[in-house]
Amino acid sequence: MTSDRILVVGCGRVGAELATQLATQGHQVTILDRTARSFRRLADHPNITKLEGMGFDPEILKEAHIEDAYGLAAVTSGDNTNILSARIAREVFGVPNVVARIYDPRRAVVYQRLGIATVATVTWTTGQAIRRLFPENTPVDWTDQSGTVSLMEVSLPSSLAGVPLASLNVGNSVKFAALLRGSATKLVERELIAQEGDRALVLVTAEGATQLKEILTGGRA
């Protein structure tokens with residue numbers, strides 16, 4: 001994983017954990033919170049910059065160098081704050097990868113249509129957030145005992161919107177097994193079409209892992 005600038009909005013327990021993990025992985029992290037006392041949860045780290053202010057204030061975001069940000073994670077205790085911060089990052093500043101923590105999973109479908117990945121509070125892990133921030137990475141979720149077949153959860157790029165998922169299968173090497181859309185999961189059938197914001201569960205062989213990456217990057221290995 002290369003070093004990138006990531007903004008984290010909210011320095012509660014979740015934000016502090018996420019910022020620390022990203023910084024430990026070598027990323028440059030700016031964490032924003034409306035109250036400076038929240039930063040007491042953070043240990044000092046050379047890769048973490050603390051900034052007091054609202055995560056949806058464009059001037060504060062500029063001060064956090066959002067123009068250079070690879071991703072933003074909005075993880076405050078309020079759904080409205082998180083989605084507003086994520087939307088401003090995506091729609092005003094063009095941040096390519098945003099994720100919002102949500103308390104009401106019924107909103108997930110709406111946010112997905114806006115191109116904003118979400119993680120519900122009840123299923124929150126920092127690993128899920130990092131996966132949404134770096135969708136080009138394809139971590140392995142499961143591998144059979146022989147090491148022959150692995151299961152990966154991947155984010156589908158916008159370039160695949162409108163494409164039948166079944167058409168992306170590659171022989172016995174890559175099999176799109178299920179589609180994750182908002183809070184719903186569907187098994188892949190011939191007529192199932194990808195939409196922006198979708199994720200998928202994919203079965204791959206060792207050879208298929210490379211082929212899957214090419215599919216997700218438009219042929220760029």
Quiz item: Given the rule in the side-chain contact (heavy atoms from CB on, under 4.5 Å) test, do Ile215 and Val170 qualify, once you have shown the distances and angles that lead to the verdict?
Solution: CA-CA 10 Å; Ile215 291 170; Val170 181; 4.0 Å; yes

Quiz item: Where do Glu153 and Arg199 land on the salt bridge (charged side-chain N to carboxylate O under 4.0 Å, His left out) test, with the steps shown first?
Solution: CA-CA 7 Å; Glu153 180 184 335; Arg199 291 170 289 130; 2.5 Å; yes

Exercise. Begin with the C-alpha distance, continue with both residues' side-chain angles, and end with the deciding distance and a verdict on side-chain contact (heavy atoms from CB on, under 4.5 Å) for Leu42 and Lys50.
Key: CA-CA 9 Å; Leu42 278 173; Lys50 306 165 188 174; 4.2 Å; yes

Practice problem: Would you sort out whether Gln28 and Asp68 count as a side-chain contact (heavy atoms from CB on, under 4.5 Å), showing the intermediate values? | Solution: CA-CA 11 Å; Gln28 297 299 315; Asp68 302 323; over 6 Å; no

Exercise. Under the side-chain contact (heavy atoms from CB on, under 4.5 Å) rule, what do Thr49 and Ile31 come out as? Steps first, then yes or no, please.
Key: CA-CA 6 Å; Thr49 300; Ile31 186 165; over 6 Å; no

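Here the CG-CD1 distance, from Asn82 to Ile102, works out to 9.5 Å after rounding to the nearest 0.5 Å. Taking OG1 of Thr76 as the reference point, atom CD1 of Ile83 lies at 11.0 Å (rounded to 0.5 Å). To the nearest 0.5 Å, the span separating CE on Met54 from CD on Glu59 amounts to 15.0 Å. Within the model, atoms CG of Leu160 and CG of Asp198 stand 10.0 Å from one another, a figure rounded to the nearest 0.5 Å. For the atom pair CG of Leu7 and CG of Leu72, the computed distance is 5.5 Å after rounding to the nearest 0.5 Å. Of the inter-residue distances, the one linking Leu51 atom CG with His65 atom NE2 reads 9.0 Å to the nearest 0.5 angstrom.
Residues Thr20 and Arg41 have side chains not in contact (no heavy-atom distance under 4.5 Å, counting atoms from C-beta outward). Side-chain atoms of Thr24 and Gln21, non-hydrogen and from C-beta on, never get closer than 4.5 Å to each other. Put simply, the side chain of Thr185 does not reach to within 4.5 Å of the side chain of Leu179, judged on heavy atoms. Annotation: side chain of Arg90 is not in contact with side chain of Val95 (no heavy-atom distance under 4.5 Å). Inter-residue side-chain proximity for Val75 and Val8 is flagged as met; some heavy-atom pair is nearer than 4.5 Å. Arg101 is listed as a side-chain neighbour of Val14, based on a closest heavy-atom distance under 4.5 Å. Contact check for Phe176 versus Leu212: side-chain heavy atoms found under the 4.5 Å cut-off.
For Arg87, the CZ atom is loosely surrounded, since the number of other residues' heavy atoms within 6.0 Å does not exceed 12. The number of heavy atoms from other shown groups lying within 6.0 Å of CG (Asn172) does not exceed 12.
Each of Ile193 and Leu168 belongs to its own hydrophobic cluster when Ile, Leu, Val, Met, Phe, Trp and Tyr are linked at side-chain heavy-atom distances under 4.5 angstrom. Criterion: ILVMFWY side-chain heavy atoms under 4.5 Å apart, direct or through other members. Under it, Val92 and Leu32 are part of a common hydrophobic cluster.
Not one N or O on the side chain of Arg5 forms a donor-acceptor pair closer than 3.5 Å with the backbone of Val29. Checking side-chain atoms of Asn47 against main-chain N and O of Ala23 turns up a donor-acceptor pair under 3.5 Å. Between the side chain of Ser167 and the main chain of Pro164, a donor-acceptor pair closer than 3.5 Å is present. At distances below 3.5 Å, at least one donor-acceptor pair connects side-chain atoms of Asp33 with backbone N or O atoms of Cys11. With His27 contributing its side chain and Asp4 its backbone, the two residues share a donor-acceptor pair below 3.5 Å. Using a distance-only test at 3.5 Å, with no hydrogens or angles considered, a donor-acceptor pair links the side chain of Arg40 to the main chain of Arg37.
Note on Arg34 versus Asp57: no salt bridge recorded, every NZ/NE/NH1/NH2 to OD/OE distance being 4.0 Å or above.
Scanning both residues, Ala209 and Val204, for their nearest heavy atoms gives N-CB, 4.0 Å. When all heavy atoms of Ala100 and Ala86 are compared, the closest pair comes out as CB-CB, 4.3 Å.
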